[in-house]
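Encoded as structure tokens, the structure appears first; notes follow it.
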Amino acid sequence: MKPLRIGNFSGFYGDRSDALREMLTGGEVDVLTGDYLAELTMLILARDRLKDPSAGYARTFPRRLEDCLGLAHERGVRIVTNAGGLNPAGLAGEIRRLADRLGIPVRVAHVEGDDLTAAYPGTLAAHAYLGGFGIAECLRAGADVVVTGRVTDAALVTGPAAAHFGWRPDDHDRLAGAVVAGHVLECGTQATGGNYAFFAEGDVRRPGFPLAEIHADGSSVITKHPGTGGFVDVGTVTAQLLYETGGARYAGPDVTARLDTVRLAQEGPDRVRIEGTRGEAPPPTLKVGLNRLGGFRNEVVFVLTGLDIEAKAALVREQLADALAKSPPGEVRWELVRTDRADADTEETASALLRLVVRDPDQQVVGRALSGAAVELALASYPGFHVLAPPGKGAPYGVFEDVYVPHVGATHRAGASDVDTDHVDTDHVPTAHVSVSHVAVLHDGRRVPVPPLRETRPLAAVPDPPLPEPLPPGPTRRAPLGLVVGARSGDKGGNANVGVWARSEDTWRWLAHTLTADTFRQLIPESRELPVTRHLLPNLRAVNFVVEGILGAGVAAQARFDPQAKALGEWLRSRHLDIPEALL
């Protein structure tokens, strides 16, 4: 059977506006997927919905579609997107009105059932991560455009693949292969050289968007349209496979994919084959992402220039101590960032930044009283006093949590035993019944329930595989880790993952023995007091680290300088280790 060519035109809300047209005109494609949702995006859409109950979806998508809907219809390309966010029915309705106005006879369907906000009082949005079989139902019924709310990113690929090849829910290996391909596609150009550790090896000024040629057995080839920028090789695919994952079992609502079984091979220029992926029944619970208001946050950044940086920082902290003591915020954080250089030839490079961040449930506590105290120092503090921007009155920030409910079709009473207590404050676990009803709303208005799964399997850790033979002893040189390995990092709620991979067998033998969890903690001081778990993936010549709690309450809480841990891997690569000279 001919492979199904699935492409991506969006990896996040705000991605390149002309990508949909580029993918439609650049070469052969059967289905195009647009991924718009992330933890922070759900909070943004929830705040939109507070202002306008008819909102809650990605408003940029219809504008992008207006230019390309006719072209997609003419070429027979189906479009599947989670741009529906918190209001998939609303977006589906807008697309129908757009199609009527343009005179294009497209059939629009949507998927619902993920919205559990009513069951979680106090949240702005609570949404279950659904799988791909609702999408498959819509496509089998003839939909040209399918809009979803919160599905897993990979479901945008598993749904079309299941519809095209007739896969059943118990086709675990095939579904797992599609999940892996979907995970590679979901972040768009991150699979074609974007954000890539070895970016200098190709022209990544404007990477093309990726394609997956999915085969009936679940294997795939990752590629891109001819003539587009960037590049696809085993490294770019490995990097994306490690992004925002953890151990060998990559769990989802349709299947648990075994990442330790994935095999990659360079099939040709810009073509990487993925095969061998094994699948298992998914876990008996669905993840539910909760977004709520965490409180209010304020920030002021003082610029310290020239000499006596430490003394200047100490003076500011002492001067603001009284203001902070009068009405103490719940959290006060000072950071001195030494960007200054000695004998600098510009004022900017002679300056350091002192950052004060405060948080509290009360906007008044972080607002004008603190702002006024900071501004009043303008003529009464260190020499050269100025700030990057005037402090404001305090802005709201969000908190992300995840809980777990029984799989689609089940109703139960939620309790502490049903949630992942490592990541959830059990004080917020509701006692009300929680029900998930996965429904495909077809283009003709019919509502088709997606049947519950017949088989699930509780998650369990995979035993560590044996280590490869160590390299023989030899001379070493102190050098940055990134000279010999790549890395990519990302966020999952309050946790971060850092995937590190080797590009040769000898480097893998060294990496597996050297970069332990303890070594990671030494290189990344922030992680020293936190749980750090290392997972070995020998087929990918990779180690994947999960650092629990390093991001606080998630990206919306902005708990650290890099709130999504996007550059944590690059920081790790910049740290120095004793590296065998044979590898350098």
Side-chain angles (χ1 to χ4, degrees), residues 5-29 32-36 38 40-41 58 60-61 63-65 67-68 71 81 153 181-213 221-244 264 266-272 274 348 480-491 498-501 503 562 564-574:
R5 287 175 62 89
I6 302 180
N8 173 280
F9 65 86
S10 175
F12 70 101
Y13 191 6
D15 212 341
R16 217 156 72 203
S17 61
D18 59 354
L20 179 55
R21 173 167 288 276
E22 178 182 299
M23 293 301 290
L24 285 167
T25 60
E28 182 184 353
V29 65
L32 285 175
T33 62
D35 183 10
Y36 284 75
L40 181 59
T41 315
T60 57
F61 178 68
R63 295 198 294 270
R64 182 179 297 190
L65 196 60
D67 179 52
C68 297
L71 184 60
T81 180
D153 300 339
H183 184 64
V184 174
L185 293 189
E186 70 185 49
C187 289
T189 54
Q190 278 196 172
T192 57
N195 300 352
Y196 182 53
F198 305 106
F199 65 94
E201 295 181 356
D203 184 355
V204 296
R205 290 174 295 176
R206 187 180 171 85
F209 278 70
L211 288 162
E213 298 172 355
V221 172
I222 305 299
T223 184
K224 63 186 185 70
H225 281 327
T228 56
F231 58 100
V232 179
D233 66 16
V234 168
T236 66
V237 174
T238 299
Q240 183 55 27
L241 274 178
L242 296 172
Y243 181 64
E244 295 182 347
L264 305 180
Q266 194 77 39
E267 188 177 80
D270 294 323
R271 293 181 63 83
V272 173
I274 304 176
E348 187 172 4
L481 177 62
L483 293 183
V484 295
V485 300
R488 179 165 287 168
S489 54
D491 64 312
V498 184
V500 184
W501 78 94
R503 302 207 287 178
D562 174 17
Q564 290 181 281
K566 295 290 190 182
L568 187 57
E570 286 301 292
W571 179 22
L572 179 67
R573 291 181 71 235
S574 74

Sidechain-backbone polar pair: Arg573 side chain, Pro480 backbone, donor-acceptor under 3.5 Å: no
Nearest heavy atoms of Asp233 and Val272, plus distance in Å: C-CG2, 3.3 Å
Taking every non-hydrogen atom, the tightest pair across Val29 and Leu211: CG2-CD2, 3.8 Å
Verdict with supporting geometry, Val500 and Val485, side chain to side chain contact (heavy atoms under 4.5 Å, CB included): CA-CA 7 Å; Val500 184; Val485 300; 3.6 Å; yes
Aromatic plane relationship, Trp501 with Tyr196 - under 30° parallel, 30 to 60° tilted, over 60° perpendicular: parallel
Shortest non-hydrogen separation from Ala19 to Phe9 and the atoms involved: CB-O, 3.3 Å
Any side-chain heavy-atom pair of Leu481 and Leu572 under 4.5 Å: yes
Phe12 side chain near Tyr36 side chain, heavy-atom distance below 4.5 Å: no
Asp203 side-chain N/O to Gly230 backbone N/O, donor-acceptor pair under 3.5 Å: no
Salt bridge (charged side-chain N to carboxylate O under 4.0 Å, His left out) between Glu22 and Arg16, worked out: CA-CA 10 Å; Glu22 178 182 299; Arg16 217 156 72 203; 3.3 Å; yes
Approximate separation, where rounding is to 0.5 Å, of Asp153 CG and Cys187 SG: 7.0 Å
Nearest atoms (heavy-atom pairs only) where Gly193 meets Thr236: N-CG2, 4.0 Å
Heavy-atom pair with the smallest gap, counting every atom of Val498 and Ser489: CG2-CB, 4.0 Å
Residues in side chain to side chain contact (heavy atoms under 4.5 Å, CB included) contact with Ala212, at least two apart in sequence or another chain: Ala181, Leu185, Ile214, Ile222
From CG (Leu24) to CG (Asp18), nearest 0.5 Å: 11.5 Å
OG1 on Thr33 to CE on Met23, rounded to 0.5 Å: 8.0 Å
Closest non-hydrogen atom pair between Gln266 and Arg271, with its separation: NE2-O, 3.4 Å
From Arg503 atom CZ to Thr238 atom OG1, the distance as rounded to the nearest 0.5 Å: 10.5 Å
Gap separating the CG atom of Asp35 from the CG atom of Asp15, nearest 0.5 angstrom: 9.5 Å
Residue pairs fulfilling salt bridge (charged side-chain N to carboxylate O under 4.0 Å, His left out) with at least one residue in residues 185-195, sequence neighbours excluded: none
Check: Arg64 and Arg21 side chains under 4.5 Å, non-hydrogen atoms: no
Residues that Glu348 engages under salt bridge (Lys or Arg N to Asp or Glu O under 4.0 Å), provided they are two or more places apart: none
Single hit among Gln240, Lys224, His225 for side chain to side chain contact (heavy atoms under 4.5 Å, CB included) with Thr192: Lys224
Greater than 12 external heavy atoms within 6.0 Å of Phe198's CZ: yes
4.5 Å side-chain heavy-atom contact, Phe209 and Thr228: no
pair Asn8-Leu32: side-chain heavy atoms closer than 4.5 Å: no
Any Tyr243 side-chain heavy atom under 4.5 Å of Asn195 side chain: no
Interatomic spacing from CG in Leu242 to NE2 in His183 - rounded to 0.5 Å: 8.0 Å
